[in-house]
Amino acid sequence: MPLASTVGLISATRKESGIILRLLKRSSPEEFYSGKIGKNNIIHAISGMGKTNASHAATLLIERFSPRIIINFGIGGAYPSSDLRVGDVAIADKEIYGDEGLWLKDGFHTVDSTGIPFLKKGRRKYFNEFPLHPPIPPSVASRTDLARGGGRGVKIKSGAFVTVSASTGTNKRAKELEKRFNAICENMEGAAIAHVCAMYGIPMLEVRGISNIVEDRDRSKWDIKTASDNSQGLVLGFLKEGRI
């Protein structure tokens with residue numbers, strides 16, 4: 001049965017959600033956890049990596065628990081021109097399928113070039129882009145309880161996210177994607193969850209801690225722990241302070 005004031009949480013892995021999971025209890029064998037944070041009843045799904053796993057988790061969560069909003073959180077890569085650094089936090093104002101479309105002689109074209117939308121609701125057609133929950137108030141950017149290594153404060157920035165099936169591991173590809181979509185952050189699940197939320201008419205918020213800059217791949221420059229901690233810290237703040 002639906003819970004009153006239920007907030008659905010989705011993260012791809014336990015590594016991205018360890019702090020929040022400590023506040024919840026496992027509730028079923030399908031990787032769902034439940035509990036209460038602030039005044040909110042929480043249902044948290046560990047989806048697994050990628051679009052198919054993410055859309056499956058979102059569908060199960062919505063069908064079984066009827067949340068009033070879904071928050072997708074975890075880590076992501078910041079595009080080179082985003083002005084974000086490792087440990088900062090990005091909030092999506094829209095999600096974009098970065099791979100779906102056509103490759104023609106003159107290059108890549110998004111799905112709208114086919115004239116066939118992924119989703120149609122009333123008169124609205126959704127192609128590659130899915131708008132998300134209204135941006136969080138600017139006051140969020142002044143939070144002091146999040147820190148990068150060495151205790152420095154983090155930047156919190158809102159912008160477009162790109163969801164890909166193959167993570168970008170070259171400077172050239174990173175620059176192509178950020179220019180094509182005017183995006184700040186890359187991930188592997190968000191657009192699929194946004195797509196499912198749009199189907200059901202449920203608002204979605206997406207928060208990503210920056211684990212790396214999208215460039216020629218070098219794992220030695222990554223900081224997954226700080227990115228995960230800061231992403232969860234911001235989500236917990238929203239839930240405890242009633243910002244959503």
Side-chain angles (χ1 to χ4, degrees), residues 8-18 20 31 44-61 70-80 82 84 86 88-101 108 110-111 118-119 126-132 159-178 180-199 204-219 221-228 230-232 234-235:
L9 305 181
I10 300 176
S11 60
T13 67
R14 288 182 182 83
K15 183 176 287 188
E16 294 168 281
S17 52
I20 288 176
E31 303 300 324
H44 182 192
I46 306 293
S47 66
M49 186 176 71
K51 299 171 189 173
T52 301
N53 285 327
S55 58
H56 179 244
T59 301
L60 288 177
L61 198 160
I70 284 182
I71 304 176
N72 177 214
F73 67 93
I75 64 173
Y79 286 121
S82 66
L84 291 166
V86 171
D88 288 338
V89 180
I91 300 173
D93 59 22
K94 62 181 173 181
E95 258 291 359
I96 305 168
Y97 281 120
D99 301 316
E100 282 75 1
F108 179 82
T110 52
V111 172
F118 281 125
L119 174 65
Y126 295 83
F127 293 95
N128 287 66
E129 296 188 6
F130 292 83
L132 297 192
F161 284 18
V162 175
T163 297
V164 295
S165 294
S167 293
T168 301
T170 68
N171 285 323
K172 180 181 179 181
R173 176 73 169 156
K175 291 176 181 178
E176 288 174 355
L177 288 171
E178 71 173 352
R180 178 180 299 141
F181 297 114
N182 191 28
I184 64 171
C185 182
E186 178 177 297
N187 71 97
M188 299 182 73
E189 296 86 23
I193 298 172
H195 188 161
V196 172
C197 286
M199 287 177 168
M204 173 185 161
L205 172 66
E206 185 173 4
V207 178
R208 298 271 174 180
I210 301 304
S211 58
N212 61 286
I213 306 304
V214 185
E215 57 188 355
D216 290 342
R217 190 174 176 90
D218 182 355
R219 288 292 297 267
K221 297 180 180 179
W222 293 25
D223 188 343
I224 291 175
K225 183 182 185 303
T226 299
S228 298
N230 286 343
S231 171
Q232 292 174 83
L234 197 60
V235 170

Do H56 and S47 come within less than 4.5 Å of each other through their side chains, counting heavy atoms only? no
Do the side chains of N187 and E95 get nearer than 4.5 Å, heavy atoms only? yes
Heavy-atom side-chain proximity of I10 to I70 below 4.5 angstrom: yes
Neighbour count above 12 (heavy atom, 6.0 Å) for N182 CG: no
Would you call H44 and F73 a side-chain contact if the rule is heavy atoms closer than 4.5 Å? yes
Contact between S231 and I75 at the side-chain level, heavy atoms closer than 4.5 Å - yes or no? no
Any donor and acceptor pair, going by atom type alone, linking the side chain of Q232 with main-chain N or O of S228 inside 3.5 Å? yes
With the side chain counted from C-beta on, respond yes when P131 and D93 share a heavy-atom pair under 4.5 Å apart, and no when they do not. no
Spell out, as yes or no, whether a donor-acceptor pair under 3.5 Å connects the side chain of E189 to the backbone of K51. no
Would you indicate whether the side-chain heavy atoms of R208 and E16 approach each other to under 4.5 Å? yes
If you look at every heavy atom in N212 and V86, which pair is closest and at what distance? CA-CG2, 3.8 Å
Write down the atom of L84, the atom of A90, and the distance for their closest heavy-atom approach. CD1-CB, 4.1 Å
To the nearest 0.5 angstrom, please state how far the CD atom of E176 sits from the CZ atom of F181. 11.0 Å
What pair of heavy atoms forms the shortest contact from E178 to K175, and how long is it? CG-O, 3.5 Å
On a heavy-atom basis, which atom in M204 and which in L132 lie closest, and how many Å separate them? O-CB, 3.5 Å
What I'd like to find out is whether the side chain of V164 reaches to under 4.5 Å of the side chain of E186, using heavy atoms alone. yes
Those residues at least two apart in sequence (or on a different chain) that pass ring pair (Phe, Tyr, Trp, His ring centres under 6.0 Å) with H195 are Y97, F118, F130
For R173 and D99, run salt bridge (Lys or Arg N to Asp or Glu O under 4.0 Å): C-alpha distance rounded to whole Å, both residues' side-chain angles, the deciding distance at 0.1 Å, then the answer. CA-CA 12 Å; R173 176 73 169 156; D99 301 316; 3.7 Å; yes
Tell me if a side-chain donor or acceptor on N128 pairs with a main-chain N or O of I96 at a distance below 3.5 Å. no
Looking at CD1 of I46 and OG of S11, how far apart are the two atoms once the value is rounded to the nearest 0.5 Å? 3.5 Å
One should read off an interatomic distance between I91 CD1 and I184 CD1, to the nearest 0.5 angstrom, of 9.0 Å
Distance, nearest 0.5 Å, that separates CD1 of I71 from CD1 of I193: 11.5 Å
Indicate the atoms forming the closest heavy-atom contact of A174 with T168, along with that distance. N-CG2, 3.5 Å
Please find the pair of heavy atoms, one from L119 and one from A198, that lie closest to each other, and give the distance. CD2-CB, 3.6 Å
